[in-house]
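In what follows, a single structure is set out as structure tokens and then discussed.
First the proteins, then the strands, lettered A, B, ... as listed; each starts at 1.
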Number of protein chains: 2
Amino acid sequence: MASKEMYALGSQASVIRDLFAYGQQQAAVVGKENVFDFSIGNPTVPAPACVKEAIEDIMETRESAAIHGYTAAAGDTAVRQGLADFMNQTYDAQVRADNFYMTCGAAASLTISLKALVESPDDEIILIAPFFPEYTVFVQNANAKSVVLPPDTEHFQISLDALEKAITPHTRAVIINSPNNPSGVVYSADTYEKLAALLTRKSQEIGHAIYIISDEPYREIIYDGLPILYVPKFYKDTIICYSYSKSLSLPGERIGYVLVPDCAADAKEVYTAVCGAGRSMGFVCAPHLFQDVVLKCLGQTSDMNIYDENRKLLYNGLKEMGYDCVYPSGAFYLFVKSPEADAKAFSDKAKKLNLLIVPADSFGCPGYVRVSYCVDPDMIKRSFAAFKKLMEQYQ
Amino acid sequence: MASKEMYALGSQASVIRDLFAYGQQQAAVVGKENVFDFSIGNPTVPAPACVKEAIEDIMETRESAAIHGYTAAAGDTAVRQGLADFMNQTYDAQVRADNFYMTCGAAASLTISLKALVESPDDEIILIAPFFPEYTVFVQNANAKSVVLPPDTEHFQISLDALEKAITPHTRAVIINSPNNPSGVVYSADTYEKLAALLTRKSQEIGHAIYIISDEPYREIIYDGLPILYVPKFYKDTIICYSYSKSLSLPGERIGYVLVPDCAADAKEVYTAVCGAGRSMGFVCAPHLFQDVVLKCLGQTSDMNIYDENRKLLYNGLKEMGYDCVYPSGAFYLFVKSPEADAKAFSDKAKKLNLLIVPADSFGCPGYVRVSYCVDPDMIKRSFAAFKKLMEQYQ
Ligand SMILES: Cc1ncc(COP(=O)(O)O)c(C=O)c1O
Ligand SMILES: Cc1ncc(COP(=O)(O)O)c(C=O)c1O
């Protein structure tokens with residue numbers, strides 16, 4: 001008497017949540033300071049001061065209906081104009097308020113974009129391993145098929161040969177995610193150029209545009225002075241799914257957007273379908289107060305130095321112990337090759353040392369583990385003895 | 001290159017929004033004070049003081065991650081426990097924290113509940129005219145069929161004979177909405193008793209439970225001291241979709257819940273499917289700050305006296321002019337019989353007098369108009385001359 005498909009989605013155990021729950025239990029047994037939980041991607045750096053200031057200012061100076069009333073379905077116009085101005089100044093994006101549709105975060109941006117694009121149950125969405133596991137759920141919600149590309153385990157960019165082979169006349173879109181969860185890798189300009197060339201050629205070949213859905217919740221979490229690249233500059237048929245969950249440490253407030261730039265094929269139709277998809281799933285509008293908060297915090301982020309220091313500490317520490325780590329350029333994840341083929345077995349051995357790291361099988365990348373470093377730096381230091389003990393089992 | 005179905009939903013003109021937009025334009029031409037806009041159901045009474053106090057208190061006393069971090073997908077446990085305690089004290093509901101799934105408002109509660117219940121594209125959802133027009137969109141999103149019951153234009157309760165005929169082996173659920181948008185009517189205990197008896201008998205006949213989905217955004221907006229009835233007390237297979245949009249005047253903040261009480265058939269499975277449906281559409285969690293705000297405002301509402309005074313003013317005023325009005329017991333809508341068969345023509349004539357009232361055709365009830373009285377009382381008074389002129393055209 002309930003949907004079997006929804007029941008399955010609701011009851012599926014998540015490796016990440018299970019590890020997290022185990023960590024909470026173990027803390028009660030061995031003490032909080034002896035559990036090293038690297039499982040979760042929940043931002044630990046506080047929201048920047050502008051968030052609190054914005055909330056206080058709005059609460060003090062505006063009337064209830066102007067703070068808490070429904071906004072237009074696409075979002076408040078002044079907010080969207082502010083976003084457009086910011087994107088134009090920062091990335092020369094040439095966008096208007098009407099290219100933005102405000103959402104309840106990146107997950108909503110993705111389900112809305114997919115539902116807007118998918119026309120037939122034969123439609124295929126290409127996912128590039130390693131990928132955020134919820135993508136397969138969101139593709140299923142749009143009633144399309146996920147096609148998974150094997151990982152480029154050399155550079156964690158994109159295996160273009162594999163992508164070329166994976167494209168069929170049913171290919172509707174490719175989801176990309178840079179900076180990447182879980183690999184921590186940032187796509188290079190070279191990758192975007194080659195990807196664009198391939199997709200342009202294949203779009204012509206199959207007779208319709210293949211869209212890039214660019215999932216960018218980690219856009220600003222990028223290190224070593226690497227530039228932030230605006231994907232539509234490389235490939236015009238790009239739809240951007242953005243979120244303030246990570247950049248402003250507001251994951252619980254559910255605020256982000258879909259951006260359909262005018263350069264994308266059938267931009268007007270796609271944007272209208274985005275509005276329709278948001279309506280159909282009952283989103284109504286994005287949370288009003290936080291629409292105005294992000295407007296007042298344009299261009300600001302949480303303190304990225306803290307993540308950067310964690311990154312260096314963890315990467316250098318593990319390298320020194322002999323771990324094979326993917327060099328982390330963005331987001332707050334370190335991707336580590338498992339010293340044995342079975343990353344689940346490796347993660348289980350780590351668990352015995354109260355070291356909680358996520359096997360990347362569910363990210364489409366067996367043989368690796370994800371170590372989230374949005375954690376207390378002291379915990380990283382305390383964890384090194386356990387990481388050492390773990391490595392000793394393989395030496 | 002976009003979903004035709006989503007494109008259609010995104011481009012469909014809404015009568016209500018069109019009227020509202022026309023009102024804004026006309027205000028620039030004839031002056032704001034000469035436009036009488038009764039089109040929109042956006043709460044005008046401010047949120048109660050507890051909302052601002054709660055936000056300020058939370059911002060002052062908690063740390064960023066505790067305010068803005070992800071909550072569990074079903075919502076913060078303390079918040080859900082608070083809701084359960086409140087429902088138990090107030091309605092003797094006998095519910096637990098784990099019966100609640102926090103959502104982004106009633107619209108999300110509905111899309112999630114429907115997706116959780118629907119098993120096959122043959123499944124039928126019964127809508128009782130007059131009904132909130134988005135129901136058909138939400139049923140379509142769940143990939144089921146809407147079956148519309150004609151209105152009981154005598155009492156605006158439920159035509160039980162018609163309902164009996166409409167039930168088939170494919171019937172999965174009946175959506176009810178009391179206090180009702182657009183009729184302003186509140187279902188009586190007698191209606192619930194008869195409805196429960198009928199659904200119990202028919203559920204047995206067809207061999208599976210027919211659920212009631214009780215859409216209750218106007219639960220507390222009820223007049224003349226009428227009691228608020230807890231629907232599962234009448235019929236156990238009830239799922240409640242609630243929202244704070246109207247009761248706390250927070251429509252833009254997107255906060256509400258789905259309640260699956262233990263007494264409902266297959267309650268555990270349905271609740272798990274609710275979690276799965278929320279996940280599948282990318283809701284992740286309900287906005288965190290406002291989860292905590294509603295916890296701190298339990299049992300409070302915006303000042304309902306203002307709506308009550310508007311109600312009396314408008315109902316008495318229009319009755320006196322000879323309008324045939326449905327007696328309004330709840331919500332903030334007055335339902336008026338059109339003096340000519342074609343309510344659209346009537347609404348057009350009203351529009352010429354800058355009187356904006358919504359023909360109820362899209363609510364499944366031709367021949368009526370909806371007059372929203374969540375407006376400035378002065379506007380009601382100023383509008384009477386126009387309502388009089390309008391009536392004179394029919395005398
Ligand atoms: C790659 C990626 N996409 C999307 C999301 C969902 O983000 P949001 O909280 O904005 O819905 C996450 C969250 O961890 C993520 O890592
Ligand atoms: C009957 C009814 N159901 C649901 C809704 C949607 O409410 P929410 O803003 O909580 O999504 C409305 C809004 O007007 C309504 O009138």
Inset, instruction - Tell me, for B:V274 versus chain A, whether the close heavy atoms (under 4.5 Å) come from the side chain, the backbone, both or neither. - result: neither

Inset, instruction - With a 4.5 angstrom heavy-atom cut-off, could you sort out which part of A:A265 is near chain B: side chain, backbone, both or neither? - result: neither

Legend entry - Contacting region of A:E56 [heavy-atom separation from chain B under 4.5 Å]: side chain

Inset, instruction - Pick one of side chain, backbone, both or neither for B:I55, based on which atoms fall under 4.5 Å of a heavy atom in chain A. - result: side chain

Inset, instruction - Run the numbers on B:H68 and A:F290 for ring pair (Phe, Tyr, Trp, His ring centres under 6.0 Å), then give the verdict. - result: CA-CA 11 Å; B:H68 304 300; A:F290 282 92; 5.8 Å; yes

Legend entry - Set of ring pair (Phe, Tyr, Trp, His ring centres under 6.0 Å) partners for A:Y211, sequence neighbours left out: none

Inset, instruction - Measure across A:P287 and B:P287 and return the closest heavy-atom pair with its distance rounded to 0.1 Å. - result: CG-CG, 3.9 Å

Legend entry - Check: B:Y70 and A:R254 side chains under 4.5 Å, non-hydrogen atoms: yes

Inset, instruction - Using a strict 4.0 Å threshold on nitrogen-to-oxygen distance, state whether A:K52 and B:E60 make a salt bridge. - result: yes

Legend entry - Short side-chain to backbone donor-acceptor contact, B:T111 and A:M281, under 3.5 Å: yes

Legend entry - Heavy-atom pairs under 4.5 Å with chain B, option from A:N143, A:D123, A:L250, A:L110 with the top count: A:L250

Inset, instruction - Using a cut-off of under 4.5 Å on heavy-atom pairs, state which of B:S64, B:G105, B:G276 scores highest against chain A. - result: B:G276

Inset, instruction - Name the member of A:A65, A:C285, A:C275 that forms the most heavy-atom pairs with chain B at distances under 4.5 Å. - result: A:C285

Legend entry - Region of B:E5 in contact with chain A, defined by heavy-atom distances below 4.5 Å: neither

Legend entry - Part of B:E134 within contact of chain A (heavy atom distance under 4.5 Å): side chain

Inset, instruction - Identify the heavy atoms of A:F138 and B:R279 that sit nearest to each other, and give their distance. - result: CE2-O, 3.5 Å

Legend entry - Minimum heavy-atom distance B:K115-A:M6, with the two atoms named: O-CG, 3.3 Å

Inset, instruction - Flag the one option from A:G10, A:G252, A:A277 with the top tally of heavy-atom pairs under 4.5 Å to chain B. - result: A:G252

Legend entry - Backbone N/O of B:E119 and side chain of A:S3: donor-acceptor pair under 3.5 Å: no

Legend entry - Best-contacting candidate, A:P43, A:G69, A:P251, against chain B by heavy atom pairs under 4.5 angstrom: A:P251

Inset, instruction - Would you mind telling me which of A:N42, A:L117, A:V270 has the largest number of heavy-atom pairs within less than 4.5 Å of chain B? - result: A:N42

Inset, instruction - Identify the heavy atoms of A:S280 and B:L9 that sit nearest to each other, and give their distance. - result: CB-CD1, 3.5 Å

Legend entry - Shortest non-hydrogen contact between A:Y7 and B:E269, atoms and distance: CD1-O, 3.6 Å

Legend entry - Side-chain touch A:M1/B:R172, heavy atoms, less than 4.5 angstrom: yes

Inset, instruction - Grab the two heavy atoms, one from A:A273 and one from B:A2, that are nearest each other, plus how far apart they are. - result: CB-CB, 3.9 Å

Inset, instruction - Check whether B:A108 gets within reach of chain A through its side chain, its backbone, both or neither, counting any heavy atom under 4.5 Å. - result: both

Legend entry - Option that, when pairs with chain B are counted at under 4.5 Å, heavy atom only, ranks first among A:A286, A:A116, A:A47, A:S120: A:A116

Legend entry - Under 4.5 Å from any heavy atom of chain A - which part of B:T103: neither

